[in-house]
Amino acid sequence: MILNREQFIAQANLDQATLEIWIEEEWLVPGGDSAQQTFSEVDLARAQLIRDLMDDLGVNREGVGVVLRLVDQVHGLRGALADILELNRAR
Amino acid sequence: LWTWGEARVCIVKDPYEVLGVARAATQDEIRKTYRRLAKKLHPDINPGDKAGEAKFKEISAAYDLLSDEDKRRRFDAGEIDATGAERPRDRRFYKDFAGGDGAAYDNRSGFADFAEADDLFADLLRRQRRARGADLRFTLAVDFLDAVNGATKRVAMPGGSQLEVTIPPGIEHGETLWLGGKGGAPAGEGEAGDVLIRISVKPHKFFVREGDDIHLELPITLKEAVLGARIRAPTPTGPVVLTVPKGANTGAILRLKGKGVPRNGGRGDQLVKLKVMLPDPPDAQLEAFIAAWTPAVEDDPRKGMQG
């Protein structure tokens, strides 16, 4: 599912200014080009995570970037571990 | 594909109990309690913790109800029950996309230091998902004997190309073949994805595999059983002649060494279980002979079954 910027703002329940900040902070990295940004369901789920971090988990703006970076690294490690296990099975 | 996969959460528990707050708790206390629990249980902070995820959905639904002053008042007054908190909480979490094709944010820099020491890690690290083509996964049905003896199969790929798949001898049902770099083309200058082929071995008419051994039930005639015989028996690599010993009974097992599934340079065995068959259609001569026959020793094949 590919969303354009307007659709994304509506579905993620954001406003233009907030989205702009999130992209500036590189919390979200839209696809497409600057004229026509595109967003995916991954971005939608990530936006919800950012909202949870700020609204419910008491993470401040500086902390969000740190948390996202660590979360992405955890997923990278989990992905690598899954690859190793699968590779091991395949051999 | 956009699916809301997780089961809906239907709260029937008391939301105060779920959050562990007093009924007189202030909104501030409720929010603090929820935050404390959410920090521990949020599925994106704890990927892989299924129990935690279920608990998180419970506390979220409870918090939805209690953090809304109007809903809370109506719940306290008994106007709505706890299911009033039910909401489509079955959202997809960020973690649900991790490792998938769309994992644009996948970050594997966390073990770049391992890569210097280990080729496997170096290889994994190169799989920058964003640049790689998609992995293609499919299942290939393989004939029993091809799985035992090995084979080469041509498989039509999406896009019309043909892929030659070498099935190694002895592969088992459910195993996955990994063909690196044979998958989807990369978007940019990255490497192609992989092809992962799950092997589904079709059952055979009379061979059954157990580990590295092949089991076969082999019918023999009454005459072959009584007098012994040399008979032909099928094996995965072609028929062999085996000797049925005199007096061989139904259930007797003959082991054909090295006629099973290849393994580590050797092979498993084939186990042939004999099954004595009376003539079909019945033989009048045999019937007459048996009628006139008085066994020297009275035999009771059911003697072990008394009581």
Side-chain angles (χ1 to χ4, degrees), chain A residues 1-3 7 11-13 22-23 25-32 37-60 63-91, chain B residues 1-3 31-32 34-40 42-48 56 59-60 63 67 91-112 114 120-121 123-125 127-130 135 174-180 187 194 196-199:
Chain A
M1 188 185 62
I2 302 291
L3 302 169
Q7 291 166 326
Q11 287 220 26
N13 198 16
W22 289 11
I23 292 173
E25 295 275 0
E26 295 185 345
W27 298 348
L28 289 176
V29 181
Q37 289 174 335
T38 59
F39 298 84
S40 67
E41 48 193 327
V42 186
D43 298 311
L44 212 49
R46 194 171 166 94
Q48 181 66 58
L49 170 60
I50 295 169
R51 188 189 295 286
D52 282 357
L53 289 173
M54 299 182 86
D55 294 354
D56 297 333
L57 305 188
V59 177
N60 66 17
V64 169
V66 176
V67 171
L68 288 177
R69 210 178 151 69
L70 291 175
V71 164
D72 287 338
Q73 287 200 34
V74 168
H75 287 316
L77 290 169
R78 285 173 58 85
L81 184 58
D83 282 352
I84 291 171
L85 292 176
E86 188 158 17
L87 197 64
N88 194 33
R89 259 199 303 276
R91 277 175 179 168
Chain B
L1 192 69
W2 184 238
T3 48
R31 191 177 66 251
K32 276 189 182 147
Y34 172 69
R35 280 185 170 193
R36 185 172 49 75
L37 291 170
K39 269 181 224 167
K40 271 195 284 191
H42 195 291
D44 279 325
I45 311 294
N46 306 280
F56 177 78
I59 63 158
S60 300
Y63 181 64
S67 63
R91 65 180 255 208
R92 290 187 72 179
F93 291 96
Y94 178 59
K95 70 174 178 69
D96 298 332
F97 297 98
D101 294 333
Y105 300 97
D106 196 4
N107 181 338
R108 297 195 163 192
S109 62
F111 52 86
F114 296 175
L120 176 61
F121 277 103
D123 183 46
L124 289 170
L125 201 55
R127 299 165 182 274
Q128 275 300 346
R129 306 269 180 156
R130 177 172 263 186
D135 289 341
E175 277 191 80
T176 302
L177 291 177
W178 182 308
L179 306 178
D194 298 336
L196 291 130
I197 304 171
R198 202 183 133 83
I199 299 295

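Because only heavy atoms are used, hydrogens play no part in the values below, and waters and symmetry mates are left out as well, while side chains stay in. A, B, ... follow the sequence lines: proteins, then strands. Residue 1 opens every chain.
Only the side chain of A:V67 comes within less than 4.5 Å of a heavy atom in chain B; its backbone stays farther off. With a 4.5 Å cut-off on non-hydrogen atoms, A:L28 touches chain B through its backbone and its side chain both. Heavy-atom distances place the side chain of A:R78, and not its backbone, under 4.5 Å from chain B. Neither the backbone nor the side chain of A:L68 comes within less than 4.5 Å of any heavy atom in chain B.
Classified by interplanar angle (parallel below 30°, tilted 30° to 60°, perpendicular above 60°), the ring pair B:H42/B:F56 is tilted.
Looking at every heavy atom in both residues, A:T38 comes nearest to A:D43 through O-OD2, 4.5 Å. A:R51 approaches A:W22 most closely through the heavy-atom pair N-CH2, 4.2 Å.
Remark: B:R35 engages B:R31 in a side-chain contact (heavy atoms from CB on, under 4.5 Å) (not counting sequence neighbours).
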